[in-house]
Amino acid sequence: MSQADKMQERGTITPRAENYSQWYLDVIREADLAEPAEVVKGCMVIKPNGYSIWQQIQRDLDDRFKETGHKNAYFPMLIPMSFIEKEAEHVEGFSPELAVVTHAGGKKLEEPYVIRPTSETIIGYFFSKWIQSWRDLPLLINQWANVMRWELKTRMFLRTGEFLWQEGHTAHASHDEAMVEAQKMLGVYADFAEQVMAMPVVKGDKSETEKFAGAERSMTIEAMMQNGMALQSGTSHDLGQNFGRAFDVRFQNRDGELEYVWQTSWGVSTRLVGGLIMTHSDDSGLVLPPRLAPVHVVIVPIYRKAAQRAEVLGAAEKIAAELRAQTLYGRRLDVEVDDREEYKPGYKFYYWERRGVPLRLELGPRDMESRQVMARGRTGTFAEKQAWSWDGLSEKVLSMLEAMQGELLESARARREEMSVQVDDYDQFKSYYGEGRSRFSYAHWCGDAACEAKIKEDTKATIRCIPWEREEESGSCMVCGKPSKGRVLIAKAY
RNA sequence: CGGGGCGUAGCGCAGUCUGGUCAGCGCGCCUGCUUUGGGAGCAGGAUGUCGGAGGUUCAAAUCCUCUCGCCCCGACCA
């Protein structure tokens, strides 16, 4: 029986080609990452395996924010309703998805609280208390928090009622400085996505219609999922003085004049975990880049008799100890010895495979003789089983993991290239977005919201961003024919 | 929020049309023995308020009403 048939029989993972959405859910279930909260609409339970991936993400990003001079803080989850209403576009953008607390302590509240959908307003309020002088600037704050947006349609990790994220909020003395900050943080995200998640992204500006509610300018990193759809994976906003005005956040400049601060905000969320799944995983389950894998290496001992068992396990633990002393990208290797007696090796192979462990080492009686292990990587070059000597094993493991990290990025890049096109003819463009299909199209657009709306209307695809790295190229808008200075990225999006 | 689909054991499902030995199957789980280099075999065993609440009926997983949740497709969003 083929592996696919077996899986079918076990009802485990639907092949991607058959039903991509179902595959996504199957991978999450089989890797034990999360499950729907069931009793709480639109929310999810992030299980230990899923949460530890998020923690790896947090750890890496948090270090990066420290390097860029940001300090962590925490603001209340409840925000007075009136705060949200202070910035006109902000209210308009968020009011449909607010959850509101109207009663507490057994009494109706005088003023309802909203559960934060994002914290610009309450942070604006406190910034106004903390900032008096140009000497207080820049103020660089980050918050790790949960937020709630009452979504109509949810999908685990990609869009849930409550989600975990990080929101950076900064205040500056000049617009230029704020712009630099917002761009810099988008760069931090892009570098993180590519180097750590092995997920290539396109950096760019959001169109006017796709902008964050209350921002002057929104920037985004867009990643391509295996089905050609785009995932907005991180955003960074130049808030101008909009929240400064709304919350009276003023400082005295060097000339002694009172001026509103210039603010930014930027965030990434647990959505990244969804992006990770849909970038690398396959029909056998989860695939994790080593830099984010909660377990780097699993050692599966193989033995027949009790005497062998003691010997093999002894050697396995010794190897594990040696590996655990190694560091990969500044993190100790996490090594698991699967010494469960209830399961046979074959079962364990599949078990760790669908959980995305990058490297498996088998150690059995034959290997004891020849002082070697049988190594098999989760994907790529190392997916062919090969024998590695105990001598120099640590180096071998480290270099394999590094290579895999690189390969994942390369194959994600290659796939993206394959599914990207430059297109000038609108009919041809439309043909790319039939039922369930998507890709990255680069096309000329005049900048007019009407043409943008028409594209969406006709194809469900949207302008994901105006890429930063694009050639100046005069052309004519694919829709209306008016002049355009360059191509924009268009795709269906999650 | 509109259209469609689905909730039956941990997972995947049959049974619903045509109410009545329908509380069932596969995997998983438990016990024992034999096994262990890609999902072990045999024997025995446990597990369900059939998503929830009402109703119709002598009788409801099955019919009716309401409700909650999930999935897919749209409109809105990280």
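Just so it is clear: chains get the letters A, B, ... in the order the sequence lines come, proteins before strands, and each one is counted from 1. These values consider heavy atoms only, across backbone and side chains, with no hydrogens, waters or symmetry-generated copies.
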Side-chain H-bond candidate by donor/acceptor type, Q232(A) with K206(A), under 3.5 Å: yes
Between R376(A) and E362(A), does any side-chain N to carboxylate O distance fall below 4.0 Å? no
Can you tell me, in whole Å, how much space there is between the C1' of A14(B) and that of G24(B)? 8 Å
Cation-pi geometry met for R340(A) and Y351(A) (6.0 Å, 45°): yes
R309(A)/E341(A) salt bridge by N-O under 4.0 Å criterion: yes
Rounded P spacing from U67(B) to G3(B) in Å: 14 Å
For K41(A) and C1(B), what is the distance between atoms NZ and C1' respectively, to the nearest whole Å? 10 Å
Readout for nucleotides 72-78 of chain B: B = base within 4.0 Å of protein heavy atom, S = sugar-phosphate only, - = neither; 5' to 3' it is SSSBSBB
Considering only heavy atoms and no angle criterion, is a donor-acceptor pair shorter than 3.5 Å present between the side chain of R376(A) and the base of G38(B)? yes
Side chain R360(A) and base G38(B) donor-acceptor under 3.5 Å: yes
Nearest-angstrom distance, P atom, C77(B) to G69(B): 23 Å
Donor on one side chain, acceptor on other, T170(A) and Q263(A), under 3.5 Å: no
R29(A) side-chain proximity, nearest of C70(B), G37(B), G12(B): G12(B)
If the P atom of U16(B) is compared with that of C30(B), how far apart are they to the nearest Å? 34 Å
Looking at A60(B), which nucleotide sits across from it as a Watson-Crick or G-U wobble partner, both distances under 3.5 angstrom, or is there none? none
For the C1' atoms, the ones on U35(B) and on A46(B), what distance do you get once it is rounded to whole angstrom? 24 Å
Kindly confirm whether the side-chain ring of Y350(A) is stacked on the base of G39(B), judged by centres under 5.5 Å and planes under 30°. yes
So, are E208(A) and K211(A) salt-bridged, with charged N and O less than 4.0 Å apart? yes
Check every strand shown and say whether G364(A) touches a base, only sugar-phosphate, or nothing at a heavy-atom separation below 4.0 Å. base
Answer yes if the side chains of T462(A) and R464(A) hold a donor-acceptor pair under 3.5 Å, and no otherwise. yes
